[in-house]
A.B. asks: 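Okay, handing you the structure first.
Values reported hereafter were calculated over all heavy atoms of this structure, with side chains retained and with hydrogens, waters and symmetry mates removed. FYI, the numbering just counts along the sequence from 1.
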Amino acid sequence: SGQVHTRHVVALVPILTGVVLADQRAVLVNLAVVAGVLLVLLFAGPWRGAVQRFRVKAGQIVLISLAVAGIALAVLFVPAAVDQQPVHVPLSSQFDALFHSQGKIESAQDRLNLASEAEKLIPQHLFIGWGLGVEFQYYEAGQRATVPIAYAHNIVLDLWLRLGLIGLVMFVVAMAVSLIDGVNAWRRHPDPLAGALALSIVAVLSGLLATAFLEPFLDEYRLATLFGVTLGLLRAAVTSMEHLSLHPAGQPALGGVAWT
């Protein structure tokens, strides 16, 4: 919504550091999706002039990229050249443990077992689901025992199992409309700050939805609360526009659907 200053970039350092040092794969997936959505919307959209709402010059991006590359080369290759040792990538052991440790392998197998058991139950009540109180048994690799559980660690399977195909389709439609309205609010809102807020929330919601494929999203109160609050902020940004149907020439709306 305005000129990007050095203090804005510095403020992101502790946030990104915390994400990189996290011991959960879902956190890294969330970050990757958020960054990917922002890049796609800012630089690969079919509209002209949309990037102007995010006032960062191409030269700034190039300089920052070169600075990051230079620092990375200095950190990786200079110590190796001085000590005449192979290049050591920082945090490589942590990332290796994050994806290849015994605990993570068992966790991945647990999710496969959960999905397999949920997929066996879904066809029995395909359209209306089993209801909110459904539980099922699955084999937990870590305990090497069959245990009861109420979620499948996958929002699509969880919704389909509990609410059936009808509930799943309604959720998908509601999310699609919300995200489209959020993108339109970013492009068309008369207040640049509200437009930037809409863009950031669209990216955050996309990251949360990606996390929902890896975590018990509906049963984790912190994620569910964050999801609800984020949706509310997005609706506030969308409905704050006075003339939603009007848009600048050359920037067609992604969809004419808007909730009032």
Side-chain angles (χ1 to χ4, degrees), residues 1-5 7-9 11-12 15-16 19 26-27 29-58 60-61 64 155-156 159 167-213 215 217-218 222-260:
S1 61
Q3 187 67 33
V4 177
H5 299 283
R7 64 177 181 272
H8 299 150
V9 179
L12 287 175
I15 299 175
L16 294 177
V19 171
V27 176
V29 172
N30 189 309
L31 176 63
V33 171
V34 169
V37 169
L38 284 175
L39 291 175
V40 168
L41 290 178
L42 290 171
F43 300 106
W47 46 83
R48 294 181 300 173
V51 180
Q52 294 176 359
R53 298 300 299 271
F54 188 78
R55 300 173 185 174
V56 177
K57 297 180 180 179
Q60 292 175 312
I61 297 176
I64 292 175
I155 192 170
V156 172
L159 288 172
L168 177 61
V169 171
M170 292 177 65
F171 176 83
V172 171
V173 172
M175 287 307 307
V177 172
S178 296
L179 293 174
I180 288 174
D181 281 352
V183 174
N184 287 333
W186 163 55
R187 296 171 49 239
R188 297 158 47 192
H189 205 292
D191 184 357
L193 183 60
L197 176 64
L199 172 63
S200 62
I201 294 176
V202 167
V204 169
L205 275 177
S206 300
L208 287 174
L209 288 174
T211 303
F213 284 90
E215 298 292 337
F217 196 78
L218 301 177
R222 289 167 295 188
L223 290 175
T225 301
L226 178 60
F227 183 69
V229 171
T230 306
L231 270 178
L233 290 173
L234 181 60
R235 292 313 309 163
V238 171
T239 56
S240 64
M241 290 189 299
E242 294 183 353
H243 302 286
L244 190 59
S245 60
L246 299 178
H247 53 82
Q251 294 187 17
L254 292 182
V257 180
W259 295 342
T260 58

A.B. asks: Please report the C-alpha distance between Phe171 and Ile155 in whole Å, then the side-chain angles of each, then the deciding distance to 0.1 Å, and finally whether the side-chain contact (heavy atoms from CB on, under 4.5 Å) criterion is met.
C.D. replies: CA-CA 10 Å; Phe171 176 83; Ile155 192 170; 3.8 Å; yes
A.B. asks: Could you state the interatomic distance from CG (Leu209) to CZ (Phe217), rounded to the nearest 0.5 Å?
C.D. replies: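 Between atom CG of Leu209 and atom CZ of Phe217 there are 6.5 Å.
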A.B. asks: Nearest 0.5 Å, what's the CE-CE distance between Met175 and Met170?
C.D. replies: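 Rounded to the nearest 0.5 Å, the CE-CE separation comes out at 14.0 Å.
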A.B. asks: To check you understand the geometry: which heavy-atom pair defines the closest contact between Ala210 and Val33, and what is its length?
C.D. replies: CB-CG2, 3.5 Å
A.B. asks: Nearest 0.5 Å please: distance from the CG atom of Leu41 over to the CG atom of Leu179.
C.D. replies: 9.5 Å
A.B. asks: Restricting to non-hydrogen atoms, name the atom on Ala237 and the atom on His189 that form the minimum distance, rounded to 0.1 Å.
C.D. replies: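 That would be O-CD2, 3.3 Å.
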A.B. asks: Kindly compute the distance separating OG1 (Thr211) from CG (Asn30), expressed to the nearest 0.5 Å.
C.D. replies: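 Separation between the atoms: 3.5 Å.
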A.B. asks: Write down the atom of Thr239, the atom of Arg235, and the distance for their closest heavy-atom approach.
C.D. replies: OG1-O, 2.7 Å
A.B. asks: How would you list, by chain and number, every residue that makes a side-chain contact (heavy atoms from CB on, under 4.5 Å) with Ser200, sequence neighbours excluded?
C.D. replies: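 Scan of Ser200 (side-chain contact (heavy atoms from CB on, under 4.5 Å), adjacent residues dropped) gives Leu197.
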A.B. asks: Which pair of non-hydrogen atoms, one from Trp186 and one from Ala198, has the smallest distance, and what is that distance?
C.D. replies: N-CB, 3.9 Å
A.B. asks: Tabulate below the donor-acceptor pairs under 3.5 Å that side-chain atoms of residues 226-234 make, not counting sequence neighbours, or state none.
C.D. replies:
unit_1, atom_1, unit_2, atom_2, d
Thr230, OG1, Leu226, O, 2.6

A.B. asks: Of all the heavy-atom pairs spanning Ala203 and Val34, show the shortest one and how long it is.
C.D. replies: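 Reported closest heavy-atom pair: O-CG2, 3.3 Å.
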A.B. asks: For Val202 and Val183, work out which heavy atoms get closest and say how close.
C.D. replies: CG2-N, 3.9 Å
